[in-house]
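Below is one structure; the comments refer to it alone.
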Amino acid sequence: MKNLSEMKGLIFDLDGVLVSTEQNHFMAWQKTANLLNIEFTEEENENLKGVSRIDSLKYILNLGNVVVSDQEFTSLLEFKNEAYLASIENLSQNDCLTGVIELLTKVKEEGKRLAVGSSSKNAKHILKLIEIDHLFDAIIDGNMVENLKPNPEVFQKAAAYLNLSPSECIVFEDAASGIQAAKSGGFMAIGVGNKNIKDLADKYYNDLTEFTL
Ligand code: BG6
Ligand code: MG
């Protein structure tokens with residue numbers, strides 16, 4: 001494994017790494033599951049971290065053995081997203097996770113190239129709300145890839161935008177699907193803020209204040 005200081009690019013997942021929105025996703029899915037009389041717990045939600053909106057709904061329907069029409073499927077996706085967006089309406093820079101602003105500012109000054117690699121189709125909107133969008137050289141979101149995590153495409157695309165190879169980049173992730181994506185794409189995978197992924201990641205930190213290059 002390469003020395004951390006030799007790495008030229010840092011690619012960050014969004015939800016759960018840069019900003020504390022994972023609970024908002026969970027609550028919005030729980031409301032959606034309630035409509036269908038499906039019990040959806042925080043434990044089950046762990047399997048949906050990093051997973052796209054469509055795949056998440058498929059997972060929940062499968063959990064409850066519920067079959068819906070294509071039209072209902074689309075309405076449920078809209079319902080979830082509206083509930084989610086309403087719950088993050090007042091999101092601000094204060095919702096950035098511990099150590100985020102300090103780390104991004106420091107590594108940017110050191111000349112590292114920075115990207116976001118997120119499954120979320122709301123990523124750009126959220127980055128604007130938390131006022132850190134200008135710090136990134138590339139933002140790859142759920143609208144820009146065909147295959148979502150655990151497929152490595154989102155991180156591969158981010159590295160390509162940074163003009164770097166996967167071996168020159170570190171990926172920061174809070175989800176099992178994201179760690180899997182990073183590793184299968186040949187990236188160093190750093191787990192952060194979710195003890196459940198501690199053993200999957202190449203390195204693990206409780207929050208980004210613990211990370212130094
Ligand atoms: C990921 C979240 O970042 O984005 C998931 O971890 C979420 O919980 C996924 O389902 C898709 O997000 P969105 O905003 O496109 O519904
Ligand atoms: Mg995440």
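Counting starts at 1 for both ligands and their atoms, following the listed order.
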Taking the N/O/S atoms of [X] one by one, which is nearest to the Mg ion (ligand 2)?
X      : result
Asp13  : OD2
Asp15  : O
Asp174 : OD1

What protein heavy atom lies closest to [atom]? Include the residue and the distance to one decimal.
atom                    : result
atom 6 (O) of ligand 1  : Glu22 OE2, 2.6 Å
atom 16 (O) of ligand 1 : Arg53 NE, 2.7 Å
atom 7 (C) of ligand 1  : Val51 O, 3.4 Å
atom 15 (O) of ligand 1 : Lys121 N, 2.6 Å
atom 1 (C) of ligand 1  : Asp15 OD2, 3.4 Å

Check: Can you find a side-chain donor-acceptor pair between Glu22 and Asn45 that sits under 3.5 Å?
Finding: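 Glu22 vs Asn45: no donor-acceptor pair found between side chains.
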Next item on the list: Please state whether the rings of Phe12 and Phe136 are parallel, tilted or perpendicular, taking 30° and 60° as the class boundaries.
Entry: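 Rings of Phe12 and Phe136: perpendicular, as their planes differ by over 60°.
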Margin query: Between Thr32 and Ile60, is the side-chain contact (heavy atoms from CB on, under 4.5 Å) condition met? List the steps.
Written below: CA-CA 9 Å; Thr32 314; Ile60 291 170; 5.9 Å; no
Notebook entry, point to check: Any idea which part of Ser120 is under 4.0 Å from ligand 1, heavy-atom wise: side chain, backbone, both or neither?
Noted result: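 Near ligand 1, Ser120 shows its backbone as well as its side chain.
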For ligand 1, which atoms sit closer than 4.0 Å to a heavy atom of [X]?
X      : value
Ser56  : 10 (O)
Lys49  : 6 (O)
Leu48  : 5 (C), 8 (O)
Asn122 : 13 (P), 14 (O)

Margin query: Could you walk me through whether Ile140 and Phe155 satisfy the side-chain contact (heavy atoms from CB on, under 4.5 Å) test, starting with their C-alpha distance in whole Å, then the side-chain angles of each, then the deciding distance to 0.1 Å, before giving a yes or no?
Written below: CA-CA 8 Å; Ile140 312 300; Phe155 296 135; over 6 Å; no
Check: Would Val192 and Phe211 satisfy side-chain contact (heavy atoms from CB on, under 4.5 Å), going step by step from the backbone distance to the final call?
Finding: CA-CA 9 Å; Val192 55; Phe211 173 81; over 6 Å; no
Item checked: Atom of Cys96, atom of Ile132 and distance for their closest heavy-atom approach ->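 Answer, listing the atom of Cys96 first, then Ile132: SG-CG2, 4.3 Å.
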Next item on the list: Applying side-chain contact (heavy atoms from CB on, under 4.5 Å), run through Arg113 and Asn163 and close with a yes or a no.
Entry: CA-CA 9 Å; Arg113 282 174 243 175; Asn163 229 346; 3.8 Å; yes
Check: Out of Phe26, Tyr59, Trp29, which residue meets the ring pair (Phe, Tyr, Trp, His ring centres under 6.0 Å) rule with Phe40?
Finding: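 Only match with Phe40 under ring pair (Phe, Tyr, Trp, His ring centres under 6.0 Å): Phe26.
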Next item on the list: Please state whether Ala175 comes within less than 4.0 angstrom of ligand 1, counting heavy atoms only.
Entry: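 No; Ala175 lies far enough from ligand 1 that no heavy-atom distance drops under 4.0 Å.
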Notebook entry, point to check: Can you tell me how far CG of Leu135 sits from CG of Leu18, rounded to the nearest 0.5 angstrom?
Noted result: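 Nearest 0.5 Å value for the CG-CG distance: 10.0 Å.
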